[in-house]
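So that we are looking at the same thing, I have put the structure below in structure tokens.
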Protein chains: 2
Amino acid sequence: MAELLTERKTQIAEKATLLFKERGYAATSMRDLAAAIGIEAASLYSHLRSKEELLQRICFGMAEAFFTARDQVNSLQLPAPIKLRLAIEKHVEVVTNDVNASAVFLHEWRHLSEPELSIFKSMRREYEEYLTAILQEGKAAGQFNIPNEKLTVLTLLSSLNWLYDWYRPDGNLQPHEIAMQLADQVLNGLITNK
Amino acid sequence: MAELLTERKTQIAEKATLLFKERGYAATSMRDLAAAIGIEAASLYSHLRSKEELLQRICFGMAEAFFTARDQVNSLQLPAPIKLRLAIEKHVEVVTNDVNASAVFLHEWRHLSEPELSIFKSMRREYEEYLTAILQEGKAAGQFNIPNEKLTVLTLLSSLNWLYDWYRPDGNLQPHEIAMQLADQVLNGLITNK
DNA sequence: CCTACCGATCGGTAGG
DNA sequence: CCTACCGATCGGTAGG
């Protein structure tokens, strides 16, 4: 009995994530979600309190996954270029592990209400600062050529984040291979023979 | 009289672009838009036929700007690395020229209905193919090291497109300087001393 | 998990 | 550009 309830909750969460990704949060109605599952809209409310609760779970669940990745990277003492490679690999793992949730996390967070919205923004800033610190480390050690760290970190993040739109779990590239190619591109650039 | 009407239409278009960017298309009501301008919602309809018409103008206006940039780049015979630099510069110019419209173009196009939706998608594909062709050119000439062109072109585009979120017209970096730094980063990577 | 329903709000129209 | 309004749909609740 408890298991069935949990299964239903999981089903609702997954379908909501998919619909929020495909149509956007605001354009997805609870009736859409209920119909996709095969129940009435009102029945959803025995499993959740509000539509926004679904969005909150997705956004903060992803944020947690990114923080776990960060903590793993920061637990090691590594030279900046190697550390950046590892950070890229871990980030790619998080994104490819749930591309639907990643898409919602990236595009729909602005529909959060306060105080969740402010909390979310500060968490995102914290993650940017973690990557910026690696860049600064490598710059200070003369390993990185970075005129503007803010520009570089946002470029890096956007490069990593569009993966949700492109990655296919059944494609021929594994997350690890993707991460390696992305890291090579970021670290060495496109020009051959240096 | 005709001038006043045109001014009002421009004002509506600009305010709609701003609101669509900030709240998203679906979450912006015509009453929101009217209130932001200082008229009644019903009055909007003497200047436009539908809410979606506003979205269409933004999306296809930006698409046109990107195609103009592409045609300028393609009118010149240049080695791939130089051509890519120019393509980056022109792309940055288009994005920084209207950051609000760029944001809507990038995130809200999925709310277009058919047939506009399919037309939009094919235009975007066309632009990706233009950039891919430059990458292939440089790869064939042994100038670029690119294991996977699809991954590289999407990484490149995402790097360029997040500018709308970061660029400030009154900031200390001019579009040209931003483009140069981005091009350096893409072509040479972060690692120093090659 | 359902039926029945609430008040609010939506895009858009009629008629001036 | 306004008042007045349309039918449709929204998130959510009551009560079973």
Side-chain angles (χ1 to χ4, degrees), chain A residues 1-59 104 108-117, chain B residues 1-59 104 108-117:
Chain A
M1 212 61 166
E3 276 169 37
L4 284 172
L5 216 127
T6 300
E7 275 173 32
R8 186 59 108 186
K9 274 187 177 166
T10 305
Q11 188 192 15
I12 292 171
E14 284 176 358
K15 195 61 89 174
T17 306
L18 180 66
L19 291 178
F20 291 171
K21 175 199 180 163
E22 287 179 347
R23 311 179 189 183
Y25 175 77
T28 303
S29 73
M30 294 303 271
R31 283 159 179 83
D32 291 337
L33 176 58
I37 289 168
I39 59 177
E40 292 300 316
S43 306
L44 288 169
Y45 290 89
S46 53
H47 300 288
L48 49 91
R49 270 164 307 194
S50 69
K51 182 185 176 186
E52 194 175 326
E53 183 185 301
L54 290 165
L55 181 63
Q56 287 171 12
R57 285 187 192 280
I58 298 165
C59 289
V104 174
E108 307 299 330
W109 57 266
R110 67 173 130 193
H111 296 291
L112 292 169
S113 312
E114 296 293 356
E116 285 80 12
L117 182 60
Chain B
M1 214 63 167
E3 276 169 36
L4 283 172
L5 217 127
T6 301
E7 277 173 31
R8 186 59 108 188
K9 275 186 177 164
T10 306
Q11 187 191 16
I12 292 171
E14 283 177 359
K15 196 61 86 174
T17 306
L18 181 66
L19 291 178
F20 291 170
K21 175 198 180 164
E22 288 179 347
R23 311 180 190 182
Y25 175 76
T28 303
S29 73
M30 295 302 269
R31 283 161 180 81
D32 291 338
L33 176 57
I37 289 168
I39 61 177
E40 292 300 316
S43 305
L44 287 169
Y45 290 88
S46 54
H47 300 288
L48 48 92
R49 269 164 305 193
S50 69
K51 183 185 175 185
E52 193 174 327
E53 184 185 302
L54 290 165
L55 181 62
Q56 287 170 12
R57 284 186 192 281
I58 298 166
C59 289
V104 174
E108 307 299 330
W109 57 266
R110 67 173 130 196
H111 297 291
L112 292 169
S113 314
E114 296 292 357
E116 285 79 13
L117 181 60

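Since the model is a prediction, treat every value here as computed from it, not as a measurement. Chain letters run A, B, ... following the sequence lines, proteins first and then strands; every chain starts at 1. Scope of the values below: all heavy atoms of this structure, side chains included, with no hydrogens, waters or symmetry mates.
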Criterion side chain to side chain contact (heavy atoms under 4.5 Å, CB included) on B:Leu117 and B:Trp109, from CA distance to verdict: CA-CA 7 Å; B:Leu117 181 60; B:Trp109 57 266; 3.8 Å; yes
Partners meeting side chain to side chain contact (heavy atoms under 4.5 Å, CB included) with A:Ala42 (sequence neighbours left out): none
Summary of salt bridge (Lys or Arg N to Asp or Glu O under 4.0 Å) pairs that have at least one residue in residues 44-55 of chain B, sequence neighbours excluded: B:Arg49-B:Glu53, B:Glu53-B:Arg57
Pairing string, 5' to 3', for DNA chain C - Watson-Crick or wobble contacts under 3.5 Å, brackets [ ] where pairs cross, | to another strand: ||||||||||||||||
Under 3.5 Å, which donor-acceptor pairs link side chains of residues 12-24 of chain A to any protein atom two or more places apart or in another chain?
residue : atom : partner  : partner atom : Å
A:Thr17 : OG1  : A:Ala13  : O            : 2.7
A:Lys21 : NZ   : A:Asn100 : OD1          : 3.2
A:Arg23 : NH1  : A:Asp32  : OD2          : 3.2

Minimum-distance pair of heavy atoms, taken over all atoms of B:Met30 and B:Leu54: CE-CD1, 4.3 Å
Heavy-atom contact window of chain A on DNA chain C, given 5' to 3' at under 4.0 Å: C:dC1 to C:dA4
Side chain to side chain contact (heavy atoms under 4.5 Å, CB included) involving A:Ala41 - partner list, sequence neighbours excluded: A:Arg31, A:Ala34
Distance-minimising heavy-atom pair for A:Ser50 and A:Tyr45: CA-CE2, 4.2 Å
Short side-chain to backbone donor-acceptor contact, B:Ser43 and B:Ile39, under 3.5 Å: no
Criterion side chain to side chain contact (heavy atoms under 4.5 Å, CB included) on B:Thr6 and B:Lys9, from CA distance to verdict: CA-CA 5 Å; B:Thr6 301; B:Lys9 275 186 177 164; 5.6 Å; no
Members of residues 22-42 of chain B that approach DNA chain D, where some heavy atom sits under 4.0 Å away: B:Ile39, B:Glu40, B:Ala42
Partner set under side-chain hydrogen bond (donor to acceptor under 3.5 Å, both in side chains) for A:Gln11, not counting sequence neighbours: A:Arg8
